[in-house]
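Accompanying notes for the structure given below.
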Amino acid sequence: MADDRLIIAGREFKSRLWVGTGKYKDFVETQKAIEISGADVVTVAVRRVNITDRSNDNLLDYIDPKKYTILPNTAGCYTVEDAVRYSCLARAAGVSDLIKLEVLGDEKTLFPDTAGLIEAAKILIKEGFIVLPYTNDDPIVAKKLVDIGCPAVMPLAAPIGSGLGIRNPYNLKILMESVSVPVIVDAGVGTASDAALAMEYGADAVLMNTAIAGARDPLTMAEAMKYAVWAGRLAYRAGRIPRKLYATASSPIEGML
Amino acid sequence: MEETVRIHVNGEAKAWPRGATVADLLQDLDIKTEQVAVELNLEILDRTAFAHRALNDGDRVEIMSFIGGGSF
């Protein structure tokens, strides 16, 4: 399994668990959780600097961009214009052309506005961005995103922060079979088994935030997620046995009295 | 001519010495230029431009950085 690397747009990633940096108690806990999770891709949001209180530390003082791939997102953007603006700000503030593109549809579900997503992705790809789109578990939309040049797609398992797990495994499976690029299941994971299941279905990676940061013990959950993603990936590669209705003995009859 | 310019920084009304540049503003606010993006009247500035872009009356400056966030 040593050669089991994830490659997106020519970049190689060691970990198939990607993590967000929101909702932690403080930066020290954020740093520890990420380190324990083994993730090498870390998502961050773009916001105004607090100009009145400069005592606040900078997140990137804790998450070393030399050690981790920093993946800025357009979280909180509901229009194409905002998503493009935030992407450009992220690129100006940051280190690369990578962007996790979110164009949200409404505040209650935080479901993607897929029409806006495709439009924003087109603009950003033209501007030289490497666009990783947060999308619905819709295979047709995923195919369109790949057709316009997205080197990976990030379908949701369930609404962001809901912890509901994979609500539509069959759509997700069809989506994975429909596109030739890596599929990163993003959002909705609640616990380790959800992450393992996503990987067993054939996801190339899983991105999560709340499932770790919101756990009673985030550091232990970070460790659980590391093993879950790893176990799920190994099981996928090993190939599960077919489901059968009746028993098949695993001990031989021969040699019995 | 007044000695200050009236500007908005991250939405807050501020008065700053006339002739100050974006780089001066960041320095006065104790903000390191690495890891921030600056938008001046909706135009995203290249870091190399910070030192020679002077602030004018009515300018709207947005100073943005990375914070913790997964999805939202």
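Protein chains get the first letters and strands the later ones, always in sequence-line order, with residue 1 at the start of each.
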- Working for side-chain contact (heavy atoms from CB on, under 4.5 Å), residues A:L60 and B:E34: CA-CA 10 Å; A:L60 294 191; B:E34 317 87 59; over 6 Å; no
- Message: When you compare the side chain of A:R47 with that of B:F66, does any pair of heavy atoms fall below 4.5 Å?
- Response: no
- Item | Residues in side chain to side chain donor-acceptor pair (under 3.5 Å) contact with A:S193, at least two apart in sequence or another chain | none
- Item | Derivation of the side-chain contact (heavy atoms from CB on, under 4.5 Å) call for B:E12 and A:I51 | CA-CA 9 Å; B:E12 291 179 35; A:I51 57 165; 3.9 Å; yes
- Item | Contact leader toward chain B among A:V49, A:V46, A:I70, where contacts are heavy-atom pairs under 4.5 Å | A:V49
- Query: Are more than 12 heavy atoms from other residues, nucleotides or ligands located less than 6.0 Å from atom NZ of A:K32?
  - Reply: no
- Can you run down the side chain to side chain donor-acceptor pair (under 3.5 Å) pairs that involve residues 20-31 of chain B, sequence neighbours left out, and say none if there aren't any? B:W16-B:D28, B:T21-B:D24
- Task: Can you measure from CE (B:M64) to CZ (A:R48) and round to the nearest 0.5 angstrom?
- Result: 7.0 Å
- Message: Using side-chain contact (heavy atoms from CB on, under 4.5 Å), reason through B:I67 and A:V44 one step at a time and then give a plain yes or no.
- Response: CA-CA 6 Å; B:I67 63 141; A:V44 297; over 6 Å; no
- Message: Taking side chain to side chain donor-acceptor pair (under 3.5 Å) as the definition, give me every residue that meets it alongside B:Q35, ordered by chain and number, with sequence neighbours left out.
- Response: A:N58
- Note on the structure: Turns out that what part of A:A90 lies under 4.5 Å from chain B's heavy atoms comes down to both
- Region of A:Y86 in contact with chain B, defined by heavy-atom distances below 4.5 Å: side chain
- If one checks every heavy atom of A:R91 against chain B at 4.5 Å, the contacting part turns out to be neither
- Contacts of residues 41-61 of chain B with chain A (heavy atom under 4.5 Å): B:L42, B:I44, B:R47
- Query: Once you round to the nearest 0.5 Å, how far does OG of B:S65 lie from CG of A:N50?
  - Reply: 11.0 Å
